Engineer: 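Dumping the structure here so I can ask a few things about it.
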Amino acid sequence: MKRDEELGQVHILEMVTLFWLFFMSAMFLIQIHIPDTSPISSDATLEMAAEDAIKFGLAEDSLDGIYDNRVTELLAQNNREEACSVLISGLSPTIDGQCWLARNSDPSSPYGDGVEPSGNTITVHTLMQVDSDAWTVTIDVWYKGGGLQ
C-alpha cells in the first residue's frame with residue numbers, strides 16, 4: 001500500500017507542475033491590452049478644433065480697418081475679454097473651451113466666457129505680434145460633457 005501512496009503523491013506533484021506550466025505558458029501568450037483613456041483621433045480632433053478656432057478669429061475683419069483682423073484689433077485695445085470671446089466662438093457646438101492670454105512676460109490668465117473643463121483637455125498655443133507687444137494666446141478645449149466623441 002505504501003507504494004500506491006508514493007505513486008499518488010508523484011501524480012499529484014506532476015499535475016500541479018503541469019497546471020503551473022500550462023498557466024504560465026498561457027499568461028506568456030495572452031497579453032491583456034488596456035486601451036488609452038483618450039484615443040489619438042480624439043486628441044487630434046480637439047487639437048484641430050482649437051487651431052481652427054484661432055484661425056477663425058484671425059480671419060475675422062477688424063472694425064476700424066487699421067489692423068489685419070478682429071483679434072489683433074481687440075488685443076491692441078487691451079480688450080482681452082472680447083478677444084477671447086471671438087476666439088472661443090469659433091469652436092464647434094460639441095466642443096467647449098477656455099481662452100488664456102498673456103502679454104509679453106506677464107503670466108497667462110483666463111478670459112472670456114469659458115467654463116471649467118469636464119474631461120480630458122488639449123491645449124493649443126500661438127504667439128501673436130500686436131504693435132510692440134508679443135501676445136501668447138492659449139486655448140484649452142474638451143468635449144462638452146467630458147465624453148469622447
Side-chain angles (χ1 to χ4, degrees), residues 10-149:
V10 170
H11 286 303
I12 289 174
L13 286 175
E14 287 174 347
M15 294 306 292
V16 169
T17 303
L18 285 174
F19 174 78
W20 181 79
L21 284 172
F22 175 78
F23 181 76
M24 294 308 290
S25 298
M27 291 302 296
F28 178 78
L29 296 174
I30 299 172
Q31 295 179 359
I32 300 172
H33 295 284
I34 299 172
D36 294 335
T37 57
S38 177
I40 293 172
S41 62
S42 174
D43 291 350
T45 302
L46 286 172
E47 184 176 354
M48 286 177 51
E51 289 172 353
D52 288 347
I54 292 172
K55 289 176 186 173
F56 176 78
L58 296 178
E60 192 172 323
D61 293 333
S62 67
L63 298 180
D64 61 12
I66 297 173
Y67 293 95
D68 294 337
N69 56 65
R70 181 75 175 134
V71 174
T72 304
E73 176 184 40
L74 291 168
L75 291 176
Q77 298 168 357
N78 204 26
N79 190 345
R80 299 175 188 203
E81 293 288 334
E82 185 65 28
C84 275
S85 293
V86 168
L87 291 169
I88 294 296
S89 70
L91 293 174
S92 73
T94 60
I95 296 175
D96 217 341
Q98 176 69 55
C99 174
W100 298 69
L101 296 174
R103 182 173 54 189
N104 299 325
S105 61
D106 294 342
S108 287
S109 299
Y111 295 95
D113 299 329
V115 295
E116 289 294 317
S118 57
N120 293 336
T121 64
I122 296 292
T123 304
V124 173
H125 306 277
T126 191
L127 186 62
M128 297 177 58
Q129 181 72 33
V130 180
D131 297 331
S132 63
D133 294 318
W135 288 86
T136 303
V137 177
T138 303
I139 296 184
D140 292 332
V141 290
W142 59 90
Y143 289 109
K144 287 187 178 178
L148 298 176
Q149 298 289 324

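Atom set for the values below is all heavy atoms of this structure, side chains included, hydrogens, waters and symmetry mates excluded. Just so it is clear, the model here is predicted, and its values are computed rather than measured.
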Engineer: Let me confirm one number: the CG-OH distance from Leu74 to Tyr67, rounded to the nearest 0.5 Å.
Structural biologist: 10.5 Å

Engineer: Only counting residues at least two apart or in another chain, list the ones meeting side chain to side chain contact (heavy atoms under 4.5 Å, CB included) with Glu14.
Structural biologist: Val10, His11

Engineer: For side chain to side chain contact (heavy atoms under 4.5 Å, CB included), just list the numbers for Asn120 and Trp142, CA-CA rounded to whole Å, side-chain angles, deciding distance to a tenth of an Å, and then say yes or no.
Structural biologist: CA-CA 6 Å; Asn120 293 336; Trp142 59 90; over 6 Å; no

Engineer: Run the side-chain hydrogen bond (donor to acceptor under 3.5 Å, both in side chains) test against Asp61 and tell me which residues pass, sequence neighbours left out.
Structural biologist: none

Engineer: Restricting to side-chain hydrogen bond (donor to acceptor under 3.5 Å, both in side chains), what partner residues turn up for Asn79, sequence neighbours left out?
Structural biologist: none

Engineer: Which heavy-atom pair separates Ile95 from Ala49 by the least distance, and what is that distance?
Structural biologist: CD1-CB, 3.4 Å

Engineer: Provide the full list of salt bridge (Lys or Arg N to Asp or Glu O under 4.0 Å) pairs with a residue in residues 120-142, sequence neighbours left out, each pair given once.
Structural biologist: none

Engineer: Atom OG1 of Thr123 and atom CD of Gln98: how far apart are they, to the nearest 0.5 Å?
Structural biologist: 11.0 Å

Engineer: Of all residues at least two apart in sequence or in a different chain, which pass the side-chain hydrogen bond (donor to acceptor under 3.5 Å, both in side chains) check with Asn78?
Structural biologist: Arg80

Engineer: Just by modelled atom types, is the Thr72 backbone N or O under 3.5 Å from a matching donor or acceptor in the Gln77 side chain?
Structural biologist: no

Engineer: Closest heavy-atom contact between Lys144 and Pro93?
Structural biologist: NZ-O, 3.1 Å

Engineer: What is the minimum heavy-atom distance between Leu91 and Ala53, and which atoms define it?
Structural biologist: CD2-CB, 3.7 Å

Engineer: Check the pair Trp135 / Leu127 against side chain to side chain contact (heavy atoms under 4.5 Å, CB included), numbers first and verdict last.
Structural biologist: CA-CA 6 Å; Trp135 288 86; Leu127 186 62; 6.0 Å; no

Engineer: Filter on salt bridge (Lys or Arg N to Asp or Glu O under 4.0 Å), then keep only pairs touching residues 63-72, sequence neighbours left out; what's left?
Structural biologist: Arg70-Glu73

Engineer: When rounded to the nearest 0.5 angstrom, what is the spacing between CG in Asp52 and CD1 in Ile139?
Structural biologist: 10.5 Å

Engineer: A side-chain contact here means heavy atoms from C-beta on lying under 4.5 Å apart; do Val71 and Met128 qualify?
Structural biologist: yes

Engineer: Can Val124 and Glu47 be said to form a side chain to side chain contact (heavy atoms under 4.5 Å, CB included), step by step?
Structural biologist: CA-CA 7 Å; Val124 173; Glu47 184 176 354; 4.0 Å; yes

Engineer: How about Leu101 and Leu75: do any of their side-chain heavy atoms sit closer than 4.5 Å?
Structural biologist: yes

Engineer: Once rounded to the nearest 0.5 Å, what's the spacing between atom CD of Glu82 and atom OG of Ser89?
Structural biologist: 8.5 Å

Engineer: Out of curiosity, Ile12 CD1 to Thr17 OG1, how far, rounded to the nearest 0.5 Å?
Structural biologist: 11.5 Å

Engineer: Can you see which heavy atom on Val86 is nearest to which on Gly57, and at what distance?
Structural biologist: CG1-CA, 4.1 Å

Engineer: Starting at CG of Leu87, measure out to CZ of Phe56 and round the result to the nearest 0.5 Å.
Structural biologist: 10.0 Å

Engineer: After noting the C-alpha distance and the side-chain angles of His125 and Thr138, does the key distance pass the side chain to side chain contact (heavy atoms under 4.5 Å, CB included) rule?
Structural biologist: CA-CA 4 Å; His125 306 277; Thr138 303; 2.9 Å; yes

